[in-house]
Amino acid sequence: MTVKKAFSARLIEKKVVAEETLLMKFAPDTEIAPVPGQFLMASVPESRFFLKRPFSVHFYYEDTGYFKILVRLRDNATRELTSLRYGEACDFIGPLGNGFPLKGIEGKVAILAGGIGIAPFAYVLKSLKGRATSIDVYYGERERRFLVEYWRWSGVNTFIATDLGDEGHKGSVLDLFKTGREYDSIFLCGPGKMLEAFMKRYPKLSGRSSASLENYMACGVGACKGCKIKTKSGIKYVCRDGPVFPVSELIVNG
Amino acid sequence: MRTRINGLNFRTPLLTASGTFSEEQLDFYRNRMPFGGIVLKTHTFLPRDGNDGILIKEVKGGLLNSIGLANCGIKQFKIGKFSRVANAHIILSAAIFDEKEIGAFRKTAEKYGIKALELNLSCPNIKGKDVIEDLRGIKGLLEEIKSVFREETVFAKLSYAQVKKGNIDLLAKTGFNGVTVINTVPACDIDIGKKAFVFEKKFAGLSGDLLFNMALKSVIDIKRWSGIPVIACGGVSSHIEVIKYIMAGAHLVQIGSRIFGDPGAPFKIEDGIKAYMKENGIRDLREIRGIVK
């Protein structure tokens with residue numbers, strides 16, 4: 001189990017990877033050793049915002065200890081974060097949450113990502129490579145300009161859908177999922193609507209599916225009780241008990 | 001930095017504010033404990049699921065919450081990692097609605113050797129339980145609680161609207177050992193896209209920087225009326241607010257929602273107080289407590 005820390009990290013790389021989407025690479029002042037699917041709370045020092053914001057660990061380099069987060073410009077807090085300059089420090093808390101259940105995973109794996117829900121999967125894929133016999137990534141976005149373009153991994157089958165239809169299939173990424181391929185494990189991250197549609201369309205797959213959820217949260221560690229969800233086994237908190245939950249535990253509109 | 005109330009020694013004047021600290025956060029303070037006391041999340045007699053919908057929202061200068069006292073009920077309470085905390089008192093926070101409930105809180109305090117209690121008289125997020133502005137309406141309940149917790153140190157946590165001379169006199173006369181001011185302030189927000197309230201329950205509790213000057217006035221008011229120790233709460237983000245609260249007459253000062261965004265803030269605050277004392281030749285906080293009247 002990883003120990004959560006409050007730490008500082010220097011920005012060492014920043015690039016625009018899609019419309020309103022930046023990839024930021026940091027060198028932390030301590031070893032954080034996250035597991036795939038965990039998240040970090042981040043804010044700039046002396047931020048004008050009261051709370052940190054949660055970001056999935058997009059990638060982690062075991063050799064250097066560097067990590068990446070994928071930031072979509074949603075509000076002034078994410079704008080403030082992405083205005084950091086090279087060499088400047090950023091404040092983090094983490095690594096937080098449980099991560100995807102990747103232990104013992106083998107066979108055919110499907111990844112379903114909607115929008116910025118693609119964020120945790122670079123690190124997940126790194127961990128899966130060499131273990132899964134095949135990996136299919138289903139990636140949906142509103143329109144082409146929001147697709148993270150470098151998302152053309154070797155050894156991974158990628159299926160793209162856009163609402164506008166200007167790249168890949170026009171419509172939901174779930175339309176592409178009807179391939180009849182038998183998956184041993186399915187990992188999801190994306191908007192609530194995508195997850196709910198998946199649960200309704202594929203109730204029989206819930207037993208082998210895990211979803212990373214998002215919710216409003218103040219602390220990221222389980223203190224504020226702000227990220228409550230109702231599950232089949234009672235009330236859970238996204239930050240402390242998740243963010244990854246077995247889909248079989250989830251309730252539509254929970 | 002030491003502060004004494006009712007025979008309890010607090011190593012620093014800093015406490016956590018109820019609802020902002022859980023055992024998960026102890027990881028941040030493994031090597032250094034900046035708090036003189038940790039006030040736990042409020043527990044009720046019966047378990048409470050709390051409210052639904054959006055429960056937390058950042059606003060300019062603060063934070064709105066509509067948690068609604070989500071807790072497992074006092075009978076299910078477990079002290080967990082807090083049992084290993086050294087150098088800080090563990091303070092039980094209780095919302096008690098009926099005399100019959102008091103015994104369960106007493107049992108829990110005894111079981112874990114808890115010597116201090118903060119009675120939450122002011123959570124704004126409970127449906128059907130309006131904050132009682134005039135405490136004379138629950139005089140009997142308050143007397144019973146203090147009589148059951150005769151030996152313990154008991155604070156009463158009030159909202160801004162409850163800071164009235166009559167209430168303070170009643171609490172002092174009943175034997176309460178301190179008053180905590182102020183709890184979150186009832187507030188609301190609107191989603192202009194949805195043309196609706198942000199929170200399902202419409203109203204939420206406001207905390208954060210915006211509360212500081214209201215809470216500071218509350219401390220001043222109480223010290224004008226009574227000698228009862230005051231625990232200040234609201235808008236602490238640096239040692240400056242702590243010093244101001246102490247100058248207004250506070251014995252202890254709580255750090256609340258600031259901890260969410262910056263777990264390192266309590267260290268900076270403790271260091272800041274020490275530096276201020278050194279620079280100003282202050283050896284004991286009593287030298288400045290209540291100096292501004």
Side-chain angles (χ1 to χ4, degrees), chain A residues 1-8 29-30 32 41-54 74-78 80 89 91-98 192 214-231 234-241 251 253-254, chain B residues 16-31 38 40-42 47-72 125 198-199 204 206-210 235 237-238 256-267:
Chain A
M1 188 170 158
T2 51
V3 176
K4 56 184 166 293
K5 301 166 183 172
F7 64 94
S8 174
D29 63 1
T30 182
I32 61 166
M41 301 290 286
S43 68
V44 302
E46 308 298 325
S47 169
R48 60 196 177 90
F49 296 94
F50 205 68
L51 302 175
K52 287 181 163 52
R53 300 295 191 271
R74 287 184 168 179
D75 56 13
N76 289 333
T78 44
E80 185 187 67
D91 292 333
F92 288 92
I93 302 171
L96 303 169
N98 55 0
E214 195 181 53
N215 207 342
Y216 290 95
M217 58 181 72
C219 66
V221 299
C224 73
K225 310 293 182 200
C227 57
K228 182 175 88 171
I229 58 161
K230 287 176 182 165
T231 71
I235 285 171
K236 302 277 182 186
Y237 295 96
V238 169
C239 72
R240 190 190 65 190
D241 304 313
I251 300 167
N253 295 324
Chain B
T16 63
S18 180
T20 63
F21 202 85
S22 69
E23 58 181 332
E24 288 88 353
Q25 283 147 302
L26 285 173
D27 277 358
F28 302 131
Y29 307 102
R30 283 191 303 181
N31 300 322
I38 292 172
L40 303 179
K41 178 163 179 57
T42 297
R48 288 180 55 85
D49 286 348
N51 297 329
D52 292 320
I54 292 173
L55 301 177
I56 291 269
K57 186 176 184 248
E58 179 168 347
V59 292
K60 279 179 191 167
L63 179 65
L64 288 170
N65 91 77
S66 177
I67 305 297
L69 287 190
N71 77 96
C72 61
N125 281 327
V198 167
F199 297 100
L206 176 68
S207 61
D209 296 341
L210 292 165
S237 60
S238 73
S257 36
R258 174 62 55 180
I259 303 173
F260 291 150
D262 185 5
F267 300 129

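Please read all numbers here as calculations on a predicted model, not as lab measurements. Residue numbers start from 1 in every chain, and the chains themselves are labelled A, B, ... in the order their sequence lines are given, proteins ahead of strands. What you see below is based on every heavy atom in this structure, not just the backbone, and it leaves out hydrogens, waters and symmetry mates.
Nearest heavy-atom pair, A:A223 versus B:Q25, reported as atom, atom and distance to 0.1 Å: CB-OE1, 3.0 Å.
Ranked by heavy-atom pairs under 4.5 Å with chain B, the list A:G226, A:G234, A:C227 is led by A:G226. Contact tally against chain B (heavy-atom pairs below 4.5 Å) for A:D91, A:L51, A:N215: the top residue is A:L51. Of the residues considered (A:A6, A:A218, A:S47), A:A218 shows the highest number of contacts with chain B, using heavy-atom pairs under 4.5 Å. When B:I259, B:V59, B:D209, B:D262 are compared by the number of non-hydrogen pairs under 4.5 Å with chain A, B:D209 comes out ahead.
Distance alone, capped at 3.5 Å, places no donor-acceptor pair between the A:K228 side chain and the B:I67 backbone. Although no hydrogens or angles enter the test, the distance criterion places no donor-acceptor pair under 3.5 Å between the side chain of A:K225 and the main chain of B:N71.
When heavy atoms are compared at a cutoff of 4.5 Å, B:F21 approaches chain A solely by way of its backbone atoms N, CA, C and O. Only the side chain of A:I235 comes within contact range of chain B, with at least one heavy atom under 4.5 Å from a heavy atom of that chain. There is no contact between B:S237 and chain A, counting heavy-atom distances below 4.5 Å. Only the side chain of A:Y237 comes within contact range of chain B, with at least one heavy atom under 4.5 Å from a heavy atom of that chain. For B:R258, the parts lying under 4.5 angstrom from a heavy atom of chain A are both the backbone and the side chain.
Between the CG atom in B:L64 and the OH atom in A:Y216 there is a gap of 12.0 Å [rounded to 0.5 Å]. To the nearest 0.5 Å, the span separating NZ on A:K52 from CD on B:E58 amounts to 11.0 Å. Note that CG of B:L63 is 14.0 Å distant from CZ of A:F49, once rounded to the nearest 0.5 Å.
Looking at B:D49 and A:K230, no side-chain N of the basic residue comes within less than 4.0 Å of a carboxylate O on the acidic one, giving no salt bridge.
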